[in-house]
There are 2 protein chains.
Amino acid sequence: MDDTPANKKTIIMPPPRRSRRKSGGITLRDVAALAGVAPITASRALNTPSAVSEPILQRVRQAVEQTGYVPNMLAGGLASSKSRLVAAVVPTISGNVFLEVVQSLTASLAAYGYQLMLGQSGYENSREDELLEAIIGRRPDGVVLTGIMHSATGRQRLLASGIPVVETWDLTDNPIDMLIGFSHEEVGQAVARYLHGRGKRRVATLGADDQRARRRMQAFSDTAIALGMAHPGETAVAGQRVPAPTNVGLGRAGLRELLARHPDIDALFCSSDTVALGVLTEAQAQGVQVPRQLAVVGMGDLGFARDLYPALTTVRIDGARIGATAARFIVERSQGSRMREGVVDIGFSIVEREST
Amino acid sequence: MDDTPANKKTIIMPPPRRSRRKSGGITLRDVAALAGVAPITASRALNTPSAVSEPILQRVRQAVEQTGYVPNMLAGGLASSKSRLVAAVVPTISGNVFLEVVQSLTASLAAYGYQLMLGQSGYENSREDELLEAIIGRRPDGVVLTGIMHSATGRQRLLASGIPVVETWDLTDNPIDMLIGFSHEEVGQAVARYLHGRGKRRVATLGADDQRARRRMQAFSDTAIALGMAHPGETAVAGQRVPAPTNVGLGRAGLRELLARHPDIDALFCSSDTVALGVLTEAQAQGVQVPRQLAVVGMGDLGFARDLYPALTTVRIDGARIGATAARFIVERSQGSRMREGVVDIGFSIVEREST
DNA sequence: GTGAAAGCGCTAACAT
DNA sequence: ATGTTAGCGCTTTCAC
């Protein structure tokens with residue numbers, strides 16, 4: 001088949017190093033040579049098999065097998081301006097709130113043949129610009145942001161880069177590009193109305209000191225006041241702020257403080273299920289009856305919410321759908337579909353369980 | 001400075017599109033032209049500033065500022081064989097066990113100027129080979145694996161790729177490359193001895209049906225039997241398996257089953273804190289006193305363990321240290337240090353709290 | 001259906 | 001300290 005003397009059963013092609021810069025790996029060139037075709041033909045056999053004749057396809061595939069060739073996506077991406085990489089930015093991965101999104105994003109992208117690059121911005125937005133530069137430098141085929149990008153320079157850079165962007169977990173009239181989220185104001189209002197309907201009249205909030213949580217709490221408070229659920233004679237709803245990201249301990253401490261200041265509250269809206277778990281735990285430790293004395297509502301419907309005792313009433317956000325939809329939007333966009341309609345309010349639902 | 005007519009106050013260099021393939025973005029070439037130097041000099045100004053004179057440094061930096069240039073790391077990586085990308089593979093990100101590692105890995109890498117690519121293999125290892133191919137294709141500067149790579153083809157591919165590998169969360173005499181982990185057998189033994197010391201005599205296990213959890217449970221059982229903690233007349237320790245990844249509901253159901261079959265157990269070793277939370281919850285729901293009637297030990301020392309009621313005794317694994325050490329190993333390796341000693345047993349500790 | 005040529009944007013190697 | 005040259009490994013473009 002070829003004229004080299006040593007071709008009896010060569011499993012691995014020892015790449016003849018001709019220049020000092022070659023990294024030593026097996027390249028498409030080697031595969032093509034082994035298959036007896038031009039590199040571009042080998043490339044077609046791998047990327048657009050339908051454009052190549054059956055016999056050549058076979059030979060190329062066999063050559064790939066024999067050599068253990070793995071395409072260099074850096075080179076491919078550079079040549080084609082398609083990296084098949086998608087970057088995701090979350091405030092933090094611990095805290096569990098964004099886990100479902102990241103999980104489903106990773107899985108959905110993998111199904112399309114894309115990979116996920118993960119970045120954590122922190123809640124402070126300080127590292128966000130820096131992170132953005134690192135992301136854009138990789139020329140990903142898309143960027144998924146948690147929350148709206150508020151920094152003007154960040155918007156600018158993203159816009160200038162031309163990379164498809166999906167903002168998530170919030171709504172805005174002025175998205176950078178695509179948007180998949182829900183209204184935090186509506187969540188707060190809905191929970192207030194729900195608790196009002198359950199007969200609660202002295203409500204309080206316990207929430208993380210981050211932007212979106214504050215907006216939920218504010219809307220909750222406004223609605224509660226409008227419905228006459230604030231403390232008599234007070235113009236504000238009792239509330240306790242804890243630093244983000246939340247954890248169980250902050251929930252326990254938060255409830256202690258809140259009860260010390262307002263022993264008579266009868267319902268509590270927490271900014272996350274994790275905080276709510278802390279509240280349930282502290283309530284149990286103090287002998288506070290839930291829901292009899294105190295109704296508790298969480299946020300997020302994390303995996304454990306349904307299995308607590310009492311089972312936690314919470315606001316369900318379909319993180320899996322956010323992730324899957326974001327993946328689809330980006331893949332479609334990167335594969336040609338120009339400017340599809342990319343704004344979705346995925347809404348939320350209150351999952352009523354035993355804690356109210 | 002140059003001879004084009006329109007150079008009064010140009011903020012953005014409109015890239016003169018000379019070929020139809022140019023992606024339209026600003027390149028190092030544009031920056032160099034604006035600064036009046038050769039591309040390689042601009043490259044040096046950005047990557048090794050100490051190798052460039054002060055005035056040129058200034059001009060290049062200004063040109064970067066003016067143009068909004070963001071280096072193309074695909075091109076840089078291709079040219080230098082340094083991608084500044086590190087891939088991490090975890091069974092799943094939900095389940096929280098590996099969160100701390102991923103979190104600290106992301107943060108540590110970012111501090112070094114590296115990014116993390118995240119892949120989920122599932123517990124079945126079915127997608128692992130496929131995932132590995134996608135990873136190797138990106139030519140990352142390192143791969144962090146959760147657990148030991150058992151698939152022979154996987155080992156082969158990784159070895160052949162020459163990419164630095166860190167296996168974590170386990171120990172082996174035969175690592176692919178570097179290793180940061182602890183002994184699951186020792187964990188099981190230590191917990192059995194600990195419970196024996198607390199006077200427990202009828203112990204049981206409740207664990208995920210994954211390889212490492214099974215080994216912890218097995219070692220626990222063997223030690224328990226040796227110490228005379230199995231049920232009288234039985235040769236095995238009572239145990240209940242649940243599918244991985246674990247969750248709170250599985251913990252609750254697991255305890256129900258276990259108590260139905262062995263109502264007299266006095267201590268339970270769980271394969272994760274999440275399962276243990278389910279056990280505590282179910283115990284509370286059934287009125288089983290913890291630790292009086294039943295001592296409970298978790299695994300992982302997740303964030304919430306210390307804040308449960310009763311606070312959970314558990315096995316602490318320093319995930320943050322695993323992540324930070326893995327990041328350091330890989331960065332050092334990729335920056336030259338040849339073959340440093342890269343095997344670390346980070347051990348574990350039993351954190352004694354109220355649940356025992 | 002297959003191939004030759006010409007880059008993608010950057011940096012290693014070798015000057016000067 | 002700065003520049004010239006020649007790729008990195010792949011794909012686009014244009015021919016055949």
Atom pair CZ/CG of R44(B) and L57(B) - distance to nearest 0.5 Å: 13.0 Å
Distance in angstrom units between R29(B) CZ and dG7(C) C1', rounded: 11 Å
Nearest listed nucleotide, side chain of N47(A), among dT11(D), dC10(D), dT2(D): dT11(D)
Criterion side-chain hydrogen bond (donor to acceptor under 3.5 Å, both in side chains) on T48(B) and S50(B), from CA distance to verdict: CA-CA 5 Å; T48(B) 51; S50(B) 61; 5.8 Å; no
Side chain of T27(B) - closest among dG9(D), dG3(C), dC10(C): dC10(C)
K82(A) NZ - dT12(D) P separation (whole Å): 8 Å
Distance below 4.0 Å between T41(A) side-chain N/O and dG1(C) OP1 or OP2: no
Contact under 4.0 Å: S80(A) side-chain N or O vs dC10(D) OP1/OP2: no
Any side-chain donor near an acceptor of the partner, T153(A) and D129(A), under 3.5 Å: yes
Nucleotide dT2(C), atom C1' - distance to CG of L46(A) in whole Å: 15 Å
Check: R44(B) side chain, dG3(D) base, donor-acceptor under 3.5 Å: yes
Nearest to side-chain heavy atoms of S43(B), which nucleotide of dT11(C), dG9(C), dT2(D): dT11(C)
Beyond-backbone contact of L85(B) with R138(A), side-chain heavy atoms, under 4.5 angstrom: yes
Atom pair CD (E133(B)) and OG (S161(B)), whose distance is rounded to the nearest 0.5 Å: 11.5 Å
Distance, rounded to the nearest Å, where L78(B) contributes CG and dC10(D) contributes P: 9 Å
Spacing of CD1 belonging to I322(A) relative to CZ belonging to F98(A), to within rounding of 0.5 Å: 9.5 Å
Interatomic distance where CD1 belongs to I26(A) and P belongs to dC8(D) [whole Å]: 15 Å
Under 3.5 Å side-chain donor-acceptor pair for E54(B) and Q58(B): yes
Whole angstrom value for the distance that separates P of dT2(D) from CG of L57(B): 10 Å
Nucleotide nearest I40(B) when distance is taken to its side chain, options dT4(D), dC8(D), dC10(D): dT4(D)
Nearest listed nucleotide, side chain of L28(B), among dT4(D), dC10(C), dC10(D): dC10(C)
Given DNA chain D, 5'-ward residue of the pair S50(B) and R139(B), judged by closest heavy atom: S50(B)
Residue pair L99(B) / I93(B), side-chain heavy-atom distance below 4.5 Å: yes
I56(B) side chain, from C-beta outward: closest of dG3(D), dT2(D), dC10(D): dT2(D)
Minimum-distance nucleotide (side-chain atoms of A75(B) versus dT11(C), dC10(D), dG9(C)): dG9(C)
Atom-to-atom span, CE of M73(A) to C1' of dC8(C) - whole angstrom: 16 Å
Rounded (10°) bend between the five-pair end axes of the helix from dG1(C)-dC16(D) to dT16(C)-dA1(D): 30°
Touch class at under 4.0 angstrom, heavy-atom based, for L74(B) against every strand present: nothing
